[in-house]
Enquirer: 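Mind having a look at this structure? Questions to follow.
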Amino acid sequence: MASVFRKDFLWGGACAANQFEGAWNIDGKGPSVSDMCTNGTHTEPKRITTAIREDTLYPSHEAVDFYHHYEEDIALFGEMGFKVFRTSINWTRIFPTGEETQPNEAGLAFYDRVFDCCKKYGIEPLVTISHYELPYALVEKHNGWADRRLVDLFLNYCKTIFARYNGKVKYWLTFNEINSGVMPMGAVLSTGTVRGYEGSVKQVPDRPQERFQALHHMFVASAKAVAYAHANYPHYRVGNMELFATSYPLTPAPDDLIANQKYMQRMNWFCSDVQVQGKYPYYTKRMFEEFGITIQMQPGDEQILQEGKVDFYAFSYYMSSCISADAADKQKTDGNLVGGLKNPYLTASDWGWQIDPKGLRYTLNEIYSRYGIPLMVVENGLGARDVLEADGSIHDSYRIDYLRQHIEQMAEAVKDGVDLMGYTPWGCIDLVSASTGEMAKRYGFIYVEKYDDGTGSLGRRRKDSFYWYQKVIASNGADLV
Ligand code: BG6
């Protein structure tokens, strides 16, 4: 079968600094929100603490130590044929408390080494500027993004890295899964509106007023960064990044249809309507009334949003769920930060995330018909328990099946007419889970010998999916067998 993907299709993989770099306090790095999070399990949520507690394991502190293994890891990405590598910059490597006037040179130099190494293998970096690693000092001092001062601090951080990596990086994403701020758990990972809170990340006090105010500040910050990039670095391409939690009405009952439409607006469309269309969407007023919130805007904010529209739309897609007007007594499903109801037509991963490849085709069409700008799937994959065999092999046929089915549906979407730029499956090398802090939940093509109790040699091993993905890339997505 001939490839349907464009010739310059960006095949690659994705990681986030806080989940794989480790070296949490090395070379001047300050603590981020993630560094204050313990590990958990599928059934026992991870916790955030207000100080580093003795005898407590913080999985991000060492993670898989990409900081000291980046050459080996990028060489492996090169061996798979990656065209692009999505990674993020740890804000606290550059500005340890978020408020310094001068950046930390050792932190900047580390990413120089990473991007130079990518170049050596012909890999284009795609950089998430902020991926769930807000400086913890900004939480303690300002209650995170609830405080408007973060807009300028973020912009200063963007200006620093835009200038430093000019010539090395072209593709940028402002905030990872910005819409996670719509959900209570997003207060920890994304908006950082958890000053003084210690406890389970699933029991964070639900304070929508703070989260949506924080989101407004993030929209303004993102728009200012985009406008600044366009004005000063016209060759830069800056995207948004959404957690796409595709949902279907549980039944054809009109009430379920309306409930699902409202869920889709709130969860999936609200943030990107602002970031792609440059203004708050028409349904915002009623939505805010229902949340009982009022957002403080400054004069000029509307213009800032209008002038900072993104160039392309990036999103994560793992699963789908169902929505009902009457959810009581119905079976719930697990998911990445979001839940929803079980779909009787779908199976689920070991962590209860429902597997829905056709939902990806549907989602690509929905997004493209709404915005008409290039799309990129920057996260997708199967978190699973892998078995390291005695001979060092890992037979992850379940992961290959999952990815194959999703790529097949991406191909269908391209045939439908969607402009798809690239695909970077999540956790291309095993890393720490964002929702549970586990190592056991693995996504990689590359296995890392690191375990939930913090032990492990950190040795790297190629899984079966490594060789499979190598063929996929070499054939530009035509050979999926
Ligand atoms: C996305 C995040 O929500 O999903 C990643 O952007 C995260 O940071 C990924 O790791 C998978 O979720 P999890 O909880 O399995 O790590």
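None of these values were measured; they are calculated from a predicted model. In what follows, residues are counted from 1 in the order of the sequence shown. We count ligands from 1, going down the list as the structure has it; atoms in each ligand are counted the same way.
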Enquirer: If the cut-off is 4.0 Å to any non-hydrogen atom of Glu177, which atoms of ligand 1 fall inside it?
Expert: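 Answer, ordered by atom number: 1 (C), 2 (C), 3 (O), 6 (O).
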Enquirer: Do Lys358 and Glu412 sit within salt-bridge range, that is, some charged N less than 4.0 Å from a carboxylate O?
Expert: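 No.
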Enquirer: With atoms numbered from 1 as shown, which atoms in ligand 1 lie under 4.0 angstrom from a non-hydrogen atom of Tyr318?
Expert: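 Counting atoms of ligand 1 from 1, those under 4.0 Å from Tyr318 are 4 (O), 9 (C), 11 (C).
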Enquirer: So, is Gln19 polar-close to ligand 1, with some N/O to N/O distance under 3.5 Å?
Expert: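 Such a contact does occur with ligand 1.
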Enquirer: Looking only at heavy atoms of Met241, does any of them come nearer than 4.0 Å to an atom of ligand 1?
Expert: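 Flag not set, Met241 not near ligand 1.
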Enquirer: Got a salt bridge between Lys29 and Asp35, using NZ or NE/NH1/NH2 to carboxylate O under 4.0 Å?
Expert: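 Result for this pair is yes, salt bridge flagged.
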Enquirer: Does a salt bridge link Asp386 with Arg399, judged by any charged N lying under 4.0 Å from a carboxylate O?
Expert: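 Between Arg399 and Asp386 there is a salt bridge, with a charged N closer than 4.0 Å to a carboxylate O.
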Enquirer: Please identify which atoms of ligand 1 are closer than 4.0 Å to at least one heavy atom of Tyr443.
Expert: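 Listed by number with element: 11 (C), 12 (O), 13 (P), 15 (O).
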Enquirer: When you compare the side chain of Arg53 with that of Glu198, does any pair of heavy atoms fall below 4.5 Å?
Expert: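 Yes, their side chains come closer than 4.5 Å.
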Enquirer: For ligand 1, which is the ligand I care about here, please tell me if Trp353 has any N or O atom under 3.5 Å from one of the ligand's N or O atoms.
Expert: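 Checking ligand 1 against Trp353, no N or O pair falls under 3.5 Å apart.
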Enquirer: Strictly below 4.0 Å, N to O, side chains only: are Arg361 and Glu408 in salt-bridge contact?
Expert: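 No, this pair does not count.
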Enquirer: Under 4.0 Å, heavy atoms only, figure out whether ligand 1 is touched by the backbone of Asn176, its side chain, both or neither.
Expert: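 The part of Asn176 near ligand 1 is the side chain, not the backbone.
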Enquirer: Checking the N or O distance criterion of under 3.5 Å, is ligand 1 in contact with Tyr132?
Expert: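 No, since none of the N or O atoms of Tyr132 sits under 3.5 Å from an N or O of ligand 1.
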Enquirer: Applying a heavy-atom cut-off of 4.0 Å, say which part of Ser433 lies close to ligand 1: side chain, backbone, both or neither.
Expert: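 Both backbone and side chain of Ser433 come within 4.0 Å of ligand 1.
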Enquirer: Is Ala434 close to ligand 1, meaning an N/O of one under 3.5 Å from an N/O of the other?
Expert: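 Yes, since at least one N or O of Ala434 sits under 3.5 Å from an N or O of ligand 1.
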Enquirer: Whether the Tyr197 and Asn143 side chains hold a donor-acceptor pair (N or O, under 3.5 Å, no angle test) is what I'd like checked.
Expert: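 No donor-acceptor contact under 3.5 Å links the two side chains.
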Enquirer: Mark up the atoms of ligand 1 that fall under 4.0 Å of a heavy atom belonging to His131, in ascending order.
Expert: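 Answer, ordered by atom number: 5 (C), 6 (O), 8 (O).
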Enquirer: Any idea which of His42, Lys46, Glu379, Arg442 brings a heavy atom closest to atom 6 (O) of ligand 1?
Expert: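 The residue whose heavy atom sits nearest atom 6 (O) of ligand 1 is Glu379.
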Enquirer: Look at Arg195 together with Glu140 and state whether they make a salt bridge at an N to O cut-off of under 4.0 Å.
Expert: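 Judged by the 4.0 Å cut-off on N to carboxylate O distance, Arg195 and Glu140 do not form a salt bridge.
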Enquirer: When only distance counts, is Lys441 in polar contact with ligand 1, meaning an N/O pair under 3.5 Å?
Expert: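 Such a contact does occur with ligand 1.
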Enquirer: Any side-chain heavy atom of Leu173 within less than 4.5 Å of one from His131?
Expert: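 A side-chain contact is absent here, since even the closest heavy-atom pair is not under 4.5 Å.
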Enquirer: Using a strict threshold of under 4.0 Å (side-chain N to carboxylate O), is an ion pair present between Asp430 and Arg442?
Expert: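 Yes, this pair counts.
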